[in-house]
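So the structure is just underneath, and the comments pick up after that.
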Amino acid sequence: MERYLPSFDLNGKTAVVTGATKGIGKAISTAYAEAGAQVILVSRTQEDLDRLDNELKAQNLKVHTIAGDVQDYKQIIDKVETIMKDQPIDIWVNNAGMNIRSEAEEVSEEEWEQIVQTNMKSAFFLSQYAAKKMKGQGYGKIINMSSVGGHVALRTGVVYAMTKAALIQMSKTLAIEWGKYGIRVNAIGPWYFPTALTEKLLEDEEYVQDILDRTPLKRIGKLKEIAGTAVFLASEASDYMTGQTLFVDGGMTIYGF
Ligand SMILES: NC(=O)C1=CN([C@@H]2O[C@H](COP(=O)(O)OP(=O)(O)OC[C@H]3O[C@@H](n4cnc5c(N)ncnc54)[C@H](O)[C@@H]3O)[C@@H](O)[C@H]2O)C=CC1
Ligand SMILES: C[C@H](O)[C@@H]1OC(=O)[C@H](O)[C@@H]1O
């Protein structure tokens, strides 16, 4: 009898996750390893990489680590090539991202460059590299970490919002270019999750109340809730989805009035 429950496991798959050792990236890379994938953790800090490497290996999970700044995406690519050589890369998650929250009039050129290079430029060129590998395999999953801020206007910085909107559009455009090679390109748009990026904001009771007032589910997200979406987009369960953005947002982006 035909089974209709698709596989959510990632056994035999290799996944690269950038920004993999903290917050959302740590949740995703850990969930991928728990789902059976060999994970390649990319982050800037060797200490953070070693800590997560030890945690995952203690559970007999399959891990490699790469220290590097995604702004120097060529270095990341060289290091991935050194580890992977001709082995397939099935899943690539452009998660690394940062924000400098300021009024538009205050934005300096240096701040612009840092946000744009980290959040957008790196994601494009790392996707370009991943696709070159995946084209030969006839299969691949590229997942870009956007934000609700790429879809609705937030008070948390225009440059950040521009980069997150760009990831949504990049996912759609790459999806139509690479679909014929079996490469699916999707994005995830989180609302607030408790991480280092949002820690200070979420300590402010008034700010949190503002968040909840705009969130039908009346709470911020739990990291396993975004990991679940990332596992879905990495697994065969989403094989007929491409160019989409899944907003994991407690209903925030649909909340009119
Ligand atoms: N936490 C939240 O509420 C939300 C987060 N996001 C997005 O989710 C992604 C992850 O964010 P969080 O886990 O919250 O942030 P986080 O700051 O807790 O972790 C980000 C990770 O990325 C790494 N990273 C930052 N810049 C890097 C660079 N240039 N090169 C290599 N690694 C770098 C950091 O070392 C860290 O491991 C980001 O793209 C962020 O924009 C989107 C919406 C909401
Ligand atoms: C929801 C946003 O992406 C969120 O807002 C912030 O201030 C942080 O920068 C997060 O990215």
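Each ligand, and each atom within it, is numbered from 1 in the order the structure gives. Keep in mind it's a predicted model, so treat the numbers as computed, not measured.
- Taking only non-hydrogen atoms, the option from Val248, Ile24, Asn119 nearest to atom 4 (C) of ligand 1 is Ile24.
- With Asn186 contributing its side chain and Gln244 its backbone, the two residues share a donor-acceptor pair below 3.5 Å.
- Nearest to atom 25 (C) of ligand 1 by heavy atom, out of Met145, Gln71, Glu199, Arg44, is Arg44.
- If you check each of Ala27, Gly23, Gly97, Gly25 against atom 20 (C) of ligand 1, the one with the closest non-hydrogen atom is Gly97.
- The two residues Glu111 and Glu106 make their nearest non-hydrogen contact at OE1-O, 3.8 Å.
- If you number the atoms of ligand 1 from 1 as listed, the ones under 4.0 Å from a heavy atom of Ala196 come out as 18 (O).
- Taking a cut-off of under 4.0 Å to the non-hydrogen atoms of Ser147, the atoms of ligand 1 that pass are 42 (C), 43 (C).
- Relative to the six-membered ring of Tyr139, Lys13 meets both conditions, a distance below 6.0 Å and an angle of at most 45° to the axis.
- With respect to Glu113 and Lys121, no salt bridge is recorded, no charged nitrogen being found less than 4.0 Å from a carboxylate O.
- The aromatic rings of Phe125 and Tyr73 lie parallel to each other, their planes meeting at an angle below 30°, with 60° marking the opposite boundary.
- With respect to the salt-bridge test (charged N to carboxylate O, under 4.0 angstrom), the residues Arg51 and Glu47 qualify.
- Residue Gly189 places no heavy atom under 4.0 Å from ligand 1.
- Side-chain contact between Trp112 and Met162 is present, with heavy atoms from C-beta onward closer than 4.5 Å.
- Following chains of ILVMFWY side-chain contacts shorter than 4.5 Å, one cannot reach Met145 starting from Leu174, and the two form parts of different hydrophobic clusters.
- Selection from Thr195, Asp72, Leu201, Ile226 by nearest heavy atom to atom 1 (N) of ligand 1 gives Thr195.
- Near Asp69, with a cut-off below 4.0 Å to any heavy atom, the atoms of ligand 1 are 28 (C), 29 (N), 30 (N).
- The residue Lys26 has no part lying near ligand 1, judged by heavy-atom distances below 4.0 Å.
- Below 4.0 Å from some heavy atom of Thr198 lie the following atoms of ligand 1, by number and element: 1 (N), 2 (C), 3 (O).
- Using a non-hydrogen distance threshold of 4.0 Å, Met98 does not register as a contact of ligand 1.
- For atom 11 (O) of ligand 2, the closest non-hydrogen atom on the protein side is Tyr160 OH, 2.4 Å.
- Looking only at distances, no side-chain donor or acceptor of Thr30 sits under 3.5 Å from a matching main-chain atom of Ala27.
- Contact check on Lys26 versus Glu55 returns a salt bridge, with a Lys/Arg side-chain nitrogen under 4.0 Å from an Asp/Glu carboxylate oxygen.
- Ion pairing between a basic and an acidic side chain is recognised when a charged N comes within 4.0 Å of a carboxylate O; Asp78 and Lys74 show no such pairing.
- When heavy-atom distances to ligand 1 are checked against a 4.0 Å cut-off, Asn95 comes that close through both its backbone and its side chain.
- Close contacts between ligand 1 and Gly68 involve ligand atoms 30 (N), 31 (C) [criterion: under 4.0 Å to a heavy atom].
- Using a 4.0 Å cut-off between a side-chain N of Lys or Arg and a carboxylate O of Asp or Glu, Lys133 and Glu81 qualify as a salt bridge.
- At a heavy-atom cutoff of 4.0 Å, ligand 1 is contacted by no atom of Ser122, backbone or side chain.
- Looking from atom 5 (O) of ligand 2 to the surrounding protein, the closest heavy atom is Tyr192 OH, 3.0 Å.
- Residues Thr14 and Gln38 bring a donor and an acceptor atom of their side chains to less than 3.5 Å of each other.
- Atoms of ligand 1 found under 4.0 Å from any heavy atom of Thr118, numbered from 1 in the order shown, are 26 (N), 29 (N).
- In this structure, Gln117 has no heavy atom closer than 4.0 Å to ligand 1.
- If you number the atoms of ligand 2 from 1 as listed, the ones under 4.0 Å from a heavy atom of Leu154 come out as 1 (C), 2 (C).
- Each of the atoms 28 (C), 29 (N), 30 (N), 31 (C) of ligand 1 lies under 4.0 Å from some heavy atom of Val70.
- In summary, the atoms of ligand 1 found under 4.0 Å from a heavy atom of Ser43, numbered by their order in the structure, are 35 (O), 37 (O).
- Taking a 4.0 Å cut-off on heavy atoms, Thr18 fails to register as neighbouring ligand 1.
- Evaluated by nearest non-hydrogen atom to atom 3 (O) of ligand 2, the leading choice among Gly97, Ser147, Gly157 is Ser147.
- Residue nearest to atom 6 (N) of ligand 1, selected from Trp191, Tyr192, Phe193, Tyr160: Tyr160 (by heavy-atom distance).
- The closest protein non-hydrogen atom to atom 7 (O) of ligand 2 is Arg101 NE, 2.4 Å.
- Looking from atom 19 (O) of ligand 1 to the surrounding protein, the closest heavy atom is Lys22 CB, 4.0 Å.
- By the 6.0 Å contact criterion, NZ on Lys62 is enclosed, its count of non-hydrogen atoms from other residues, nucleotides or ligands being greater than 12.
- For atom 9 (O) of ligand 2, the nearest non-hydrogen atom of the protein is Asn99 ND2, 3.0 Å.
- Side chains of Lys22 and Thr45: no donor on one and acceptor on the other come within 3.5 Å.
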